[in-house]
Amino acid sequence: MIVFEHVSKTIKGHEILKDLNYTFEDHKIYGLYGPNGSGKTMILRLACGLVRASGGKVIINDGVLGKDFAFPPSVGVVIENMELLPYLTAFDNLRELGDIKGVASDEDIREALERVGLNTDKTVKKFSLGMRQRLNIAQAIFEHPDIILLDEPTNALDEEGVESIYKILKEEKDRGACIIIASHNKNDFTRVVDQVIKVANETMVEV
């Protein structure tokens with residue numbers, strides 16, 4: 001669960017988000033939509049500790065982000081132009097990441113790659129944009145995190161790839177994860193989310 005309590009974010013005197021109060025619950029998928037620059041990605045960055053709130057606090061399962069821990073203890077993230085190591089395979093990339101926490105086995109990695117449809121020994125530098133996006137999704141789920149934050153997760157995916165990602169998100173929701181998706185177009189995720197949220201005018205509104 002992620003709780004925003006009176007969260008604001010100001011950058012160089014410009015208020016990006018103002019007095020956000022919202023609870024993102026486990027076992028649910030939330031969809032944030034709004035134009036570029038509306039603050040969608042900033043909400044994801046605040047939720048995973050990549051940036052700190054200018055005011056208020058972000059609470060993760062009763063712990064305050066930035067006070068009790070720097071980052072959520074269990075989170076998978078795809079935000080803005082993520083690049084994995086181009087000279088490694090998909091499997092070896094995830095194994096490198098997995099060594100940081102040591103919670104995912106080789107079987108967890110193979111399962112995640114199979115779920116996103118990446119059964120290949122190619123190095124990442126030979127991947128298409130769609131394959132890179134599938135790998136990004138795999139790195140967000142392979143450790144079975146409690147929280148999954150995805151920025152434009154269907155970018156560069158064909159129709160089959162989009163359906164595959166939607167199926168995965170539903171499975172992760174059923175497992176108990178709290179999932180937040182951000183997109184500039186709510187039609188990208190309407191049929192998979194439990195709650196649509198419009199981000200505009202420095203705030204969030206359920207629709």
Side-chain angles (χ1 to χ4, degrees), residues 1-82 100-101 103 136-137 139-141 143-153 168-186 188-207:
M1 183 169 66
I2 307 168
V3 180
F4 279 36
E5 287 191 357
H6 301 289
V7 170
S8 298
K9 182 61 181 178
T10 301
I11 298 177
K12 296 181 179 179
H14 177 59
E15 194 165 50
I16 309 297
L17 298 168
K18 181 179 181 181
D19 197 31
L20 299 188
N21 291 281
Y22 199 84
T23 298
F24 298 95
E25 299 177 353
D26 298 339
H27 290 275
K28 285 190 176 182
I29 304 174
Y30 297 85
L32 308 179
Y33 83 96
N36 290 336
S38 61
K40 306 182 302 297
T41 300
M42 183 60 71
I43 290 169
L44 299 186
R45 292 171 72 86
L46 286 163
C48 67
L50 289 177
V51 298
R52 296 284 179 254
S54 303
K57 57 186 176 181
V58 178
I59 301 168
I60 309 290
N61 298 331
D62 299 323
V64 178
L65 197 56
K67 178 182 177 183
D68 297 316
F69 34 72
F71 303 100
S74 179
V75 62
V77 180
V78 176
I79 296 181
E80 293 180 335
N81 303 318
M82 294 182 63
I100 297 172
K101 289 185 178 180
V103 300
N136 283 335
I137 300 297
Q139 69 80 27
I141 65 171
E143 293 178 315
H144 307 291
D146 297 335
I147 296 169
I148 299 174
L149 308 172
L150 305 175
D151 192 15
E152 306 283 359
I168 289 169
L169 293 180
K170 289 176 181 177
E171 292 169 349
E172 293 301 301
K173 165 192 164 179
D174 291 342
R175 181 178 59 79
C178 172
I179 303 170
I180 309 176
I181 305 169
S183 175
H184 67 282
N185 185 353
K186 70 177 179 179
D188 286 345
F189 53 58
T190 301
R191 58 198 171 93
V192 74
V193 303
D194 298 291
Q195 181 63 59
V196 177
I197 300 171
K198 183 177 181 179
V199 182
N201 301 318
E202 297 87 44
T203 192
M204 299 172 13
V205 180
E206 291 186 346
V207 296

Please step through side-chain contact (heavy atoms from CB on, under 4.5 Å) for the pair I29 and V192, ending with a clear verdict. CA-CA 7 Å; I29 304 174; V192 74; 4.2 Å; yes
Using the side chain to side chain donor-acceptor pair (under 3.5 Å) rule, collect all pairs that involve residues 66-79, keeping only residues at least two apart or in two chains. none
Do Y33 and V207 pass the side-chain contact (heavy atoms from CB on, under 4.5 Å) test, and can you show the C-alpha distance, the side-chain angles, and the key distance before you say yes or no? CA-CA 10 Å; Y33 83 96; V207 296; 3.9 Å; yes
[Y] side chain reached by [X] side chain, heavy atoms, under 4.5 Å:
| X | Y | result |
| --- | --- | --- |
| T203 | K18 | no |
| K101 | P73 | no |
| L149 | V75 | yes |
| M42 | V51 | yes |
| I180 | I43 | no |
| I141 | I148 | yes |
| L169 | I181 | yes |
| I179 | F24 | no |

Residues that N185 engages under side-chain contact (heavy atoms from CB on, under 4.5 Å), provided they are two or more places apart: S183, N187, D188
Could you work out, with side-chain contact (heavy atoms from CB on, under 4.5 Å) as the rule, every residue matching I100, not counting sequence neighbours? L97
Taking all non-hydrogen atoms of both residues, which atom of [X] and which atom of [Y] are closest, and how far apart?
| X | Y | result |
| --- | --- | --- |
| T10 | S54 | N-OG, 2.9 Å |
| P72 | G49 | CD-N, 4.4 Å |
| P153 | A182 | CD-O, 4.0 Å |
| V77 | C48 | CG2-CB, 4.0 Å |
| V7 | A53 | CG1-CB, 3.9 Å |

Run S8 and L17 through side-chain contact (heavy atoms from CB on, under 4.5 Å) and show every step you take. CA-CA 5 Å; S8 298; L17 298 168; 5.8 Å; no
Do any N or O atoms from the side chain of [X] and from the backbone of [Y] form a donor-acceptor pair under 3.5 angstrom?
| X | Y | value |
| --- | --- | --- |
| D146 | A177 | no |
| R52 | K9 | no |
| E5 | Y22 | no |
| D151 | V78 | no |
| K40 | G34 | yes |
| T23 | V3 | no |

[atom1]/[X] to [atom2]/[Y] distance, rounded to the nearest 0.5 angstrom?
| X | Y | atom1 | atom2 | answer |
| --- | --- | --- | --- | --- |
| M204 | I197 | CE | CD1 | 4.5 Å |
| H6 | K57 | NE2 | NZ | 9.5 Å |
| I79 | L44 | CD1 | CG | 5.0 Å |
| N61 | M1 | CG | CE | 6.5 Å |
| Y30 | I2 | OH | CD1 | 9.0 Å |
| L150 | E152 | CG | CD | 10.5 Å |

Quick one: salt bridge (charged side-chain N to carboxylate O under 4.0 Å, His left out) partners of [X], sequence neighbours excluded?
| X | result |
| --- | --- |
| K173 | D194 |
| E143 | none |
| K28 | E25 |

Between F69 and V64, does a side-chain contact (heavy atoms from CB on, under 4.5 Å) hold up when you go through it step by step? CA-CA 7 Å; F69 34 72; V64 178; over 6 Å; no
Check the side chains of E172 and H144 for a donor-acceptor pair under 3.5 angstrom, ignoring hydrogens and angles. no
